[in-house]
There are 2 protein chains.
Amino acid sequence: MNQQTQKVPVPTLERMARYLACLLDLDAKSVETISSADMERYTDVNAAQFRKDLSYFGEFGRPGIGYSVPELTRRISKILKVDREQPVLLVGAGNLGSALAGYPSLSREHFRIAAVFDNNPAKIGHKLWDVDIYDISKIAEVNARSIDARLAIIAVPSAAAQQVADAVVKCGVTAILNFAPVTLRVPREVTVRNVDFVQELAVLSFHLAP
Amino acid sequence: MNQQTQKVPVPTLERMARYLACLLDLDAKSVETISSADMERYTDVNAAQFRKDLSYFGEFGRPGIGYSVPELTRRISKILKVDREQPVLLVGAGNLGSALAGYPSLSREHFRIAAVFDNNPAKIGHKLWDVDIYDISKIAEVNARSIDARLAIIAVPSAAAQQVADAVVKCGVTAILNFAPVTLRVPREVTVRNVDFVQELAVLSFHLAP
DNA sequence: TAGATTGTTAATCGATTAACAATC
DNA sequence: TAGATTGTTAATCGATTAACAATC
């Protein structure tokens with residue numbers, strides 16, 4: 001069975017992304033072959049889980065041998081669609097946006113911040129790292145012109161997040177990474193993932209001794 | 001049954017943190033009462049799920065009426081231990097660390113960045129927002145002196161993350177929020193949560209049309 | 001009382017893991 | 001061949017959701 005006929009669990013996708021990051025490291029170190037037991041050592045993901053995850057997408061290894069690191073890297077990259085360059089719109093050129101745009105592992109996985117948007121006149125027309133900052137009202141125009149991104153990162157204050165989501169969806173974005181701690185309303189065909197580090201801290205806080 | 005006798009699923013804790021953020025908003029708007037069906041409208045979490053989640057910790061509502069927003073806020077805050085101020089060590093005063101320290105919702109949930117650490121001599125001795133930046137080698141000393149934090153945020157490059165984790169664990173930290181895309185090795189009693197936004201992007205990328 | 005909504009049980013659904021035949 | 005390791009099935013485990021008696 002494959003991706004078309006069977007739907008892939010979200011936890012599997014999350015782990016696939018982990019495997020890829022790990023494999024890119026191994027590949028950089030010129031490791032050639034790896035077994036599922038080795039992967040467990042690197043990622044803490046159960047070896048059976050690893051093999052099961054891969055099985056949603058096909059066959060990747062050789063019994064008795066293991067997996068070719070370069071080949072597995074290539075094939076997972078393709079599955080996650082990071083074998084090609086993926087342009088990303090970044091909305092919000094504040095502290096967080098700036099940190100995200102400068103993140104080293106972005107380019108390694110073929111994500112490219114293609115344009116930055118902000119509503120602060122002091123920033124518009126300047127650059128964030130190497131990327132032009134445009135007025136938020138220009139999203140549609142800029143994206144249509146040449147970028148044609150379908151991925152957007154929302155790194156604006158909570159109060160503005162929904163409007164920004166509406167705007168990026170209108171210009172063709174179908175996947176949003178949202179850093180504002182609010183529930184975004186989007187059409188069903190748009191995928192949203194939320195990152196809320198205060199929520200993460202709260203979960204950790206629960207585990208503290210009294 | 002309660003927290004002592006039954007273990008709470010991690011997804012429940014994650015949602016508890018969401019509920020709290022939502023309730024803080026509602027409380028700020030002076031909403032007095034809310035039903036589980038209302039909560040579903042705000043958070044997209046199924047109403048039965050919401051009630052089930054709360055049931056791990058006791059009884060919170062009144063049949064026919066719903067939940068008192070101030071009371072529920074107070075009680076969830078207590079469960080997540082954010083009813084008191086929680087000091088947090090931030091390691092890494094780069095772009096990301098800076099963005100995190102300045103995050104507005106931190107203080108609302110009673111987290112306080114109590115000290116910042118970096119290995120860049122140009123930063124040590126200065127401040128990040130209002131907080132002193134110390135040399136990384138001083139973690140134990142600074143934390144012992146007065147802060148006594150048990151929560152730490154690691155926002156340093158991947159290559160340094162494990163050493164930093166070792167250092168904070170040694171000085172009494174039992175919960176770590178890790179932004180470096182590596183698997184940290186820590187003693188069993190230490191809780192780690194990872195935030196990896198490139199991984200999040202990769203999951204989104206999978207969902208893009210070919 | 002009648003209507004609303006909780007807390008909890010039981011049913012469903014889905015994800016993880018162990019086991020093992022197939023195969024390199 | 002013997003040993004190692006895959007891919008997949010079946011068993012286990014855990015989380016979600018529907019249903020409903022209790023109760024405000």
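Side-chain atoms are counted along with the backbone in the values below, which use heavy atoms only and exclude waters and symmetry mates. Proteins get letters first, then strands, A, B, ... in listed order; numbering begins at 1 in each. Because the structure is a prediction, the values reported are computed rather than measured.
If you check every strand for non-hydrogen atoms under 4.0 Å, B:Arg62 touches sugar and phosphate atoms only. Counting any heavy atom pair closer than 4.0 Å across all strands shown, A:Ser36 reaches sugar-phosphate atoms only and no base atom. At a threshold of 4.0 angstrom between heavy atoms, the contacts of A:Glu59 are confined to the sugar-phosphate backbone, with no base atom among them.
The listed nucleotides are D:dT6, C:dA15, C:dA18; the one nearest the side chain of A:Pro9 is C:dA15. Of the candidate nucleotides D:dA19, D:dT6, D:dC24, D:dT6 has the atom lying nearest to any side-chain atom of A:Ser35. Nearest to the side-chain atoms of A:Pro63 among the listed nucleotides C:dT16, C:dC24, D:dT17 stands C:dC24. Out of C:dG7, D:dT16, D:dT9, the shortest distance to the side chain of A:Lys52 is found at D:dT9. The nucleotide whose nearest atom lies closest to any side-chain atom of B:Lys7 is, among C:dC24, D:dA15, C:dC20, D:dA15.
Here A:Asn46 reaches the OP1 or OP2 of C:dA18: one of its side-chain N or O atoms lies under 4.0 Å away. Under 4.0 angstrom from either OP1 or OP2 of D:dG7 there lies no side-chain N or O belonging to A:Ser55. For C:dT16, one of the phosphate oxygens OP1 or OP2 lies less than 4.0 angstrom from a side-chain nitrogen or oxygen of A:Arg15. When the side-chain nitrogen and oxygen atoms of A:Tyr67 are compared with OP1 and OP2 of D:dG7, one or more of them lie within a distance under 4.0 Å.
A donor-acceptor pair is defined here as one N or O able to donate and one able to accept, closer than 3.5 Å; such a pair exists between the side chain of A:Arg18 and the backbone of A:Thr43.
Using a 4.5 Å heavy-atom cutoff, the side chains of A:Gln49 and A:Asp53 are in contact.
Take the nearest nucleotide of DNA chain D for A:Ile65 and for A:Ala48: the residue whose nucleotide is more 5' is A:Ile65.
If you measure from atom OH of A:Tyr56 to atom C1' of D:dT9, you get 13 Å, rounded to the nearest angstrom. In this structure, A:Gln49 places its CD atom 13 Å from C1' of D:dT12, rounding to the nearest Å. Between the CG atom of B:Leu54 and the C1' atom of C:dT8 there is a distance of 13 Å, rounded to whole Å.
Nucleotide C:dG3 forms a Watson-Crick or G-U wobble pair with D:dC24, both donor-acceptor distances falling under 3.5 Å. Pairing for C:dA15 is with D:dT12, a Watson-Crick or G-U wobble pair whose two hydrogen-bonding atom distances lie under 3.5 Å.
Atom CD of A:Glu85 has more than 12 neighbouring heavy atoms from other residues, nucleotides or ligands inside a 6.0 Å radius.
The existence of a salt bridge linking B:Glu71 and B:Arg75 is confirmed by a sub-4.0 Å separation between a basic side-chain nitrogen and an acidic carboxylate oxygen. Remark: A:Asp44 engages B:Arg185 in a salt bridge, criterion side-chain N to carboxylate O under 4.0 Å.
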